[in-house]
Q: 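Submitted below is the structure of interest, expressed as structure tokens.
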Amino acid sequence: MQGALQLIERKRDGGALTSEEIAALVAGYVAGDVPDYQMSAFLMAATIRGLDFAETVALTDAMLHSGRRLDLQSMRPLVDKHSTGGVGDKASLVAAPLLVTLGFSVPKLSGRGLGHTGGTLDKLESIPGLRTDLSRQEFAAIVGRYGLAIAAQSDEIVPADRLLYALRDVTGTVESLPLIASSIMSKKLAVPSRLIVLDVKVGDGAFFGTQQQAEEFAAMAIALGKAFGRATCAVLTRMDAPLGRTVGNALEVEEAIRCLRGEGPEDLAEVAAALSAQALCAVHGATWEEAVAAAQTALASGEPLERFRFWIKTQGGDARCVDDPALLVRAARSRELPAPRGGYLSRIAARAVGDAARLTGAGRLRKGDAIDHGAGVELLRGVGDEVAQGEPVLRLWAASAERLQAAQERLEGAIAVEELPPSRQSRVVRRMGGDE
Ligand code: URA
């Protein structure tokens, strides 16, 4: 095989790599023989030039085989849910215990914040004591006993994704269909689930700005699943505005708990129910209407909240925060941003809010940066709400005035107000795979 430099140059010039070359590059990176700067160059070449399907399969396979697969026993069908990444996207925190209530087990490997999007692991780690660095044995034991565990990639499980994910986050190489697909699917394939349900976000705050790109991605991920013999389906959901009313780790955990209590917000409950309904359709052959009704009823029953409480405890978290959100950390300083004029809120740009949340300290700007779990952005009003001129619309939380200022500047022009209310749109755009 040629050295890393030749492979980078070939990709830069638009050529294709063989499966063996991709496997060697990934193995070399994980072993420390290929340095960060060469891997960054390869990722940038792949982002600009693309990878064909055979290369994407090879990359997924190489990442999957960089660690060991999980071996799980469960009487219940194993369903894994994953989002392509959004702003304020705490749907996993609601959908996972909801899926357990509906009779599934949910073994899930998650990611950290990536680019302007948040990550489930960072959100979970804002719960005091909660551990996501579970060993394979711990993960299997928790899923077997309680039906639900969410853990990080590790040295044992898809280590290549852990390393590449952190590198992509800080090298402008997140927005690539094949890199996102191989990252997500390598994590999902390491777990022996019966079904993978993807929440493919579309819109300004997602990695796919248009429905066409999101559909292309979903088709690629479904085909990748098929290439590895795994049933995969997707729900495309709108990400033009942040999901729910909070962006930032502890803020989002608190909101997810409220949603599990049946207190909304409506859009978060809608997305969590839709993802769970897709699993009911694919595994049990339910009709979409039946499945959505079953998911909504289960969410309103209060059982998912109890499942959540139990799950937090089994991963070492302080479950008292379910009843007492004051136990969750909150940044020391806050600042409110007003409506530019009176009328109806027609836009709260998700991308700008995601970037601003990152600037408050809720996300990373450099590899290895510590997260401020208490930082972020609260939406005091939502799209469609009537507001008076000067009324506070957003509240920023950060540790310092400098961070608040940087976030405020990024939000310049992010809020639009119109005279007439915008028409209400469902978050669910379309379903792909399964029975559709
Ligand atoms: N989620 C992942 O796990 N990986 C990506 O690359 C994007 C979203």
Side-chain angles (χ1 to χ4, degrees), residues 85-91 113 115-118 201-210 237-252 254-255 258-259 264-271 330-331 333-363 365 372 374-427 429:
V87 178
D89 181 16
K90 68 284 290 173
H116 64 282
T117 69
K201 302 286 187 196
V202 53
D204 151 70
F207 295 127
F208 313 117
T210 65
T237 65
R238 229 174 278 287
M239 184 35 75
D240 294 315
L243 186 63
R245 294 292 189 91
T246 57
V247 183
N249 303 291
L251 287 166
E252 293 191 42
E254 191 179 335
E255 184 172 42
R258 279 204 303 276
C259 188
E266 213 181 293
D267 59 350
L268 173 58
E270 183 197 11
V271 170
R330 182 65 59 89
R333 291 168 183 261
S334 66
R335 181 179 296 179
E336 291 178 352
L337 306 187
R341 63 192 187 98
Y344 292 89
L345 273 173
S346 58
R347 187 169 69 101
I348 302 179
R351 174 68 197 237
V353 175
D355 285 341
R358 203 177 184 192
L359 291 167
T360 62
L365 295 172
D372 179 352
V377 181
E378 254 184 287
L379 279 61
L380 303 172
R381 313 289 278 153
V383 170
D385 286 353
E386 192 172 2
V387 290
Q389 182 172 7
E391 183 182 335
V393 173
L394 300 178
R395 184 182 290 133
L396 313 180
W397 290 94
S400 68
E402 291 73 27
R403 286 186 170 188
L404 288 176
Q405 187 59 29
Q408 177 172 353
E409 283 167 17
R410 179 62 186 92
L411 286 163
E412 196 77 37
I415 298 167
V417 178
E418 305 283 344
E419 253 168 58
L420 296 174
S423 52
R424 192 199 169 274
Q425 284 188 313
S426 161
R427 284 273 177 176
V429 179

Q: Quick check: do Glu255 and Pro265 have side-chain heavy atoms less than 4.5 Å from each other?
A: yes

Q: What's the shortest heavy-atom distance between Phe207 and His116, and which atoms?
A: CE2-CE1, 3.7 Å

Q: Is the backbone of Gly115 close enough, under 3.5 Å, to the side chain of Arg358 for a donor and an acceptor to pair up by distance?
A: yes

Q: Without swapping roles, check the side chain of Asn249 against the backbone of Gly374 for a donor-acceptor pair under 3.5 Å.
A: no

Q: Under the 3.5 angstrom rule, does the side chain of Asp385 hit a backbone N or O of Gly382 as a donor-acceptor pair?
A: yes

Q: Flag this pair as yes if the NZ/CZ of Arg330 is under 6.0 angstrom from the six-membered ring centre of Trp397 and inside a 45 degree cone about the axis; otherwise no.
A: yes

Q: For the residue pair Leu243 and Val87, establish whether any side-chain heavy-atom pair is separated by less than 4.5 Å.
A: no

Q: What pair of heavy atoms forms the shortest contact from Val247 to Pro242, and how long is it?
A: CG2-CB, 3.8 Å

Q: Between Ser346 and Pro422, which heavy-atom pair has the shortest distance, and what is it?
A: CA-CG, 4.1 Å

Q: Could you check whether any side-chain heavy atom of Val429 comes within less than 4.5 Å of a side-chain heavy atom of Val202, counting everything from C-beta outward?
A: yes

Q: Could you check if a side-chain atom of Leu379 sits within less than 4.5 angstrom of a side-chain atom of Ile348, using non-hydrogen atoms only?
A: yes

Q: Residues in side chain to side chain contact (heavy atoms under 4.5 Å, CB included) with Glu336, at least two apart?
A: Leu380, Pro392, Arg395

Q: For residues Leu396 and Leu411, determine if any side-chain heavy atom of one lies less than 4.5 Å from a side-chain heavy atom of the other.
A: yes

Q: Return the set of residues passing side chain to side chain contact (heavy atoms under 4.5 Å, CB included) with Val387 (not counting sequence neighbours), or none when no residue passes.
A: Ala339, Leu345, Arg381, Glu391, Val393, Val417

Q: Could you go step by step and tell me if Arg333 and Glu402 meet the salt bridge (Lys or Arg N to Asp or Glu O under 4.0 Å) rule?
A: CA-CA 11 Å; Arg333 291 168 183 261; Glu402 291 73 27; over 6 Å; no

Q: Can we say Arg245 and Glu378 salt-bridge, meaning some charged N sits less than 4.0 Å from an Asp/Glu carboxylate O?
A: no

Q: With a 4.5 Å heavy-atom cut-off, do Arg335 and Gln405 have their side chains touching?
A: yes

Q: Do the non-hydrogen side-chain atoms of Val271 and Lys201 ever get within less than 4.5 Å of each other?
A: yes

Q: Under 3.5 Å, is there a donor-acceptor pair linking the side chains of Ser426 and Glu270?
A: yes

Q: From Leu404 CG over to Leu359 CG, what is the distance, rounded to the nearest 0.5 angstrom?
A: 11.0 Å

Q: Could you tell me which non-hydrogen atom of Ala407 sits nearest to which non-hydrogen atom of Ala356, and how far apart they are?
A: CB-O, 3.5 Å

Q: What distance do Tyr344 atom OH and Glu418 atom CD have between them, rounded to the nearest 0.5 Å?
A: 12.5 Å

Q: Locate the shortest heavy-atom distance separating Gly205 from Thr117; write the atom from each residue and the value.
A: O-CG2, 4.2 Å

Q: In the structure I gave you, are the side-chain heavy atoms of Thr246 and Glu254 within less than 4.5 Å of one another anywhere?
A: no

Q: Please find the pair of heavy atoms, one from Arg427 and one from Ala241, that lie closest to each other, and give the distance.
A: NH1-O, 3.0 Å

Q: Between Arg351 and Asp204, is the closest basic N to carboxylate O distance under 4.0 Å?
A: no

Q: Return the CZ to CG distance between Arg347 and Asp240, rounded to the nearest 0.5 Å.
A: 10.0 Å

Q: Checking Asp372 now: which residues fulfil side chain to side chain contact (heavy atoms under 4.5 Å, CB included) with it, not counting sequence neighbours?
A: Ala331, Ala375, Ala399, Arg403

